[in-house]
Asker: 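Starting off with a structure, shown below.
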Amino acid sequence: MMTTTARRYRIRVDPNKCVGSTLCVHFAAGVFALDDSGQSVVADADGDTATNVLEAAEQCPQCAIVLEDAESGKKVFP
Ligand code: SF4
């Protein structure tokens with residue numbers, strides 16, 4: 001089975017929106033981590049599958065995770 005990596009997306013977390021709920025870490029622990037101030041950061045863009053990254057973005061209560069297509073730069077989410 002082929003694994004799709006998160007490289008499919010450019011991943012950003014908007015620090016003005018993130019409230020540190022940790023949901024993204026739950027859904028894609030290989031990509032997201034909380035920094036010292038309790039906000040989510042992209043620790044490793046290749047750390048999880050694209051499916052899990054999209055799930056994390058969709059579940060973020062603040063819509064703080066922005067995904068763009070890695071090749072075209074077009075916004076994928078939100
Ligand atoms: S799910 Fe959203 S609000 Fe919660 S830590 Fe992740 S980016 Fe921040």
Side-chain angles (χ1 to χ4, degrees):
M1 192 171 76
M2 210 169 98
T3 305
T4 309
T5 69
R7 179 67 80 180
R8 185 166 156 194
Y9 301 128
R10 275 184 221 149
I11 310 166
R12 280 188 293 119
V13 178
D14 185 339
N16 295 318
K17 290 185 177 176
C18 174
V19 293
S21 70
T22 73
L23 271 174
C24 56
V25 181
H26 173 76
F27 284 103
V31 169
F32 300 99
L34 292 198
D35 67 10
D36 289 344
S37 59
Q39 287 206 308
S40 175
V41 292
V42 179
D44 179 3
D46 293 325
D48 216 320
T49 64
T51 304
N52 285 356
V53 171
L54 180 60
E55 180 81 10
E58 288 174 344
Q59 296 298 330
C60 173
Q62 297 295 109
C63 239
I65 300 171
V66 178
L67 304 180
E68 293 164 350
D69 186 281
E71 283 181 11
S72 70
K74 274 178 79 173
K75 190 177 275 194
V76 177
F77 189 89

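Whatever order the structure lists ligands and atoms in, that order sets their numbers, starting from 1.
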Asker: Pull out every atom of ligand 1 sitting under 4.0 Å from any heavy atom of Thr22, numbered as shown with elements.
Answerer: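 Atoms satisfying the 4.0 Å criterion: 4 (Fe), 5 (S).
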Asker: The test is side-chain contact (heavy atoms from CB on, under 4.5 Å); show your working for Cys18 and Ser40 and say whether it passes.
Answerer: CA-CA 7 Å; Cys18 174; Ser40 175; 3.9 Å; yes
Asker: Please examine the side chains of Ser21 and Pro61, heavy atoms only from C-beta on, and report whether any two atoms are closer than 4.5 Å.
Answerer: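 Sidechains of Ser21 and Pro61: in contact.
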Asker: Determine whether Phe27 and Val53 make a side-chain contact, defined as any pair of heavy atoms from C-beta on separated by less than 4.5 Å.
Answerer: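 Heavy-atom side-chain distance check fails, nothing below 4.5 Å.
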Asker: Does Cys24 put an N, O or S atom under 2.8 Å from atom 8 (Fe) of ligand 1?
Answerer: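 No - counting backbone and side chain alike, Cys24 has no N, O or S atom under 2.8 Å.
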Asker: Among all protein heavy atoms in this structure, tell me which lies nearest to atom 8 (Fe) of ligand 1, with the distance rounded to 0.1 Å.
Answerer: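 Its nearest protein heavy-atom neighbour is Cys18 SG, 2.3 Å.
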Asker: Does a side-chain heavy-atom distance below 4.5 Å link Arg12 with Glu68?
Answerer: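 They are in contact (side-chain heavy atoms under 4.5 Å apart), so the answer is yes.
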Asker: Identify, for atom 4 (Fe) of ligand 1, the protein heavy atom at the shortest distance, and state residue, atom and that distance.
Answerer: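 Closest protein heavy atom to atom 4 (Fe) of ligand 1: Ser21 OG, 2.2 Å.
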Asker: Starting from atom 3 (S) of ligand 1, find the nearest protein heavy-atom neighbour and note its residue, name and distance.
Answerer: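 Ranking protein heavy atoms by distance from atom 3 (S) of ligand 1, first comes Val19 N, 3.4 Å.
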Asker: For atom 2 (Fe) of ligand 1, what is the closest protein heavy atom, and at what distance to 0.1 Å?
Answerer: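 Minimum-distance protein heavy atom for atom 2 (Fe) of ligand 1 reads Cys60 SG, 2.2 Å.
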Asker: Is Val25 touching ligand 1 with its side chain, its backbone, both, or neither, if touching means heavy atoms under 4.0 Å apart?
Answerer: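 Looking at Val25 and ligand 1, no heavy atom falls under 4.0 Å.
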Asker: Apply the side-chain contact (heavy atoms from CB on, under 4.5 Å) test between Val13 and each candidate in Val42, Val66, Val41; give the one that qualifies.
Answerer: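 Of Val42, Val66, Val41, side-chain contact (heavy atoms from CB on, under 4.5 Å) with Val13 is met by Val42 alone.
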Asker: With a 4.5 Å limit on heavy-atom distance, are the side chains of Asp44 and Phe32 in contact?
Answerer: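 Not touching, per the 4.5 Å side-chain cut-off.
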Asker: With heavy atoms of Leu23 as the reference, note each atom of ligand 1 found under 4.0 Å away.
Answerer: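 Reading through ligand 1 atom by atom, the close ones are 1 (S).
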